[in-house]
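Note sheet for the following structure.
Keep in mind the model is a prediction, meaning the values are calculated, not measured.
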Amino acid sequence: MEKVFLNVQCECTPEGVVTPVRLQWINRKWYDVDRVLEVGRAPSLLTGGKGIRYVCRVHDRMIKLFRDGDRWYAEP
């Protein structure tokens, strides 16, 4: 499977904690991140790669969002 790269708007604290707040899905619509449920280093088992995984709730759906350096992607 291919990675689905997304535009993501984030908040960053002075301590360097990055939190996604909005994302632009492949349909070009923006969606608010309702809640970040989990954050931690983890591999993407479906697409390969690794980075920081954010398990988020977006419109009552669970999304696994990954930050790999400056790029963001989601598992399809």
Side-chain angles (χ1 to χ4, degrees):
M1 291 191 163
E2 293 185 29
K3 295 177 185 175
V4 178
F5 288 97
L6 307 172
N7 290 321
V8 177
Q9 292 180 346
C10 305
E11 291 181 347
C12 185
T13 67
E15 295 80 21
V17 176
V18 177
T19 304
V21 293
R22 291 181 73 204
L23 58 90
Q24 187 178 33
W25 201 248
I26 55 176
N27 63 4
R28 310 291 296 164
K29 291 184 182 180
W30 284 94
Y31 296 94
D32 291 330
V33 174
D34 300 321
R35 188 170 179 189
V36 177
L37 304 169
E38 181 183 320
V39 179
R41 292 202 172 275
S44 173
L45 300 176
L46 295 179
T47 60
K50 56 187 172 183
I52 299 175
R53 180 181 66 191
Y54 296 78
V55 179
C56 303
R57 187 171 59 213
V58 178
H59 283 286
D60 293 326
R61 283 189 60 200
M62 300 290 280
I63 303 287
K64 290 182 182 174
L65 187 62
F66 291 84
R67 181 168 56 100
D68 189 3
D70 291 335
R71 298 185 76 185
W72 291 85
Y73 63 93
E75 289 186 340

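Annotation: the span from Gln24 atom CD to Trp30 atom CH2 amounts to 5.0 Å, rounded to 0.5 Å. Here the CG atom belonging to Leu65 is positioned 9.5 Å from the OH atom belonging to Tyr73, to the nearest 0.5 angstrom. To the nearest 0.5 Å, the span separating CZ on Arg53 from CD on Glu75 amounts to 8.0 Å. We find the CG-CZ distance between Asn7 and Arg71 to be 10.5 Å, quoted to the nearest 0.5 Å. The CZ atom of Arg41 lies 4.5 Å from the CD1 atom of Ile52; values are rounded to the nearest 0.5 Å. Once rounded to the nearest 0.5 Å, the distance linking OH of Tyr31 with CZ of Arg61 reads 9.0 Å.
You'll find the side chain of Val17 stays beyond 4.5 Å of the side chain of Val39, heavy atoms only. Contact of the Arg67 side chain with the Val8 side chain is not registered, since no non-hydrogen atoms from C-beta on lie closer than 4.5 Å.
Of all non-hydrogen atoms in Cys56 and Val36, the two that sit nearest each other are SG-CG2, 4.1 Å. Across all non-hydrogen atoms, the minimal contact from Trp72 to Val18 is CZ2-CG1, 4.1 Å. Here the closest non-hydrogen pair linking Asp60 and Asp34 is N-OD2, 3.9 Å. When all heavy atoms are compared, the tightest approach of Arg22 to Val33 is N-CG2, 4.0 Å.
By the rule that hydrophobic residues join a cluster once side-chain heavy atoms approach within less than 4.5 Å of another member, Ile26 and Leu23 end up as members of one cluster. Hydrophobic clustering places Leu6 together with Val58 (ILVMFWY residues linked when any side-chain heavy atoms are closer than 4.5 Å, directly or through intermediates). Note: the hydrophobic cluster containing Tyr54 does not contain Val21 (ILVMFWY, side chain heavy atoms under 4.5 Å, direct or indirect links).
Within 6.0 Å of the CG atom in Asp70, the count of heavy atoms belonging to other residues, nucleotides or ligands does not exceed 12.
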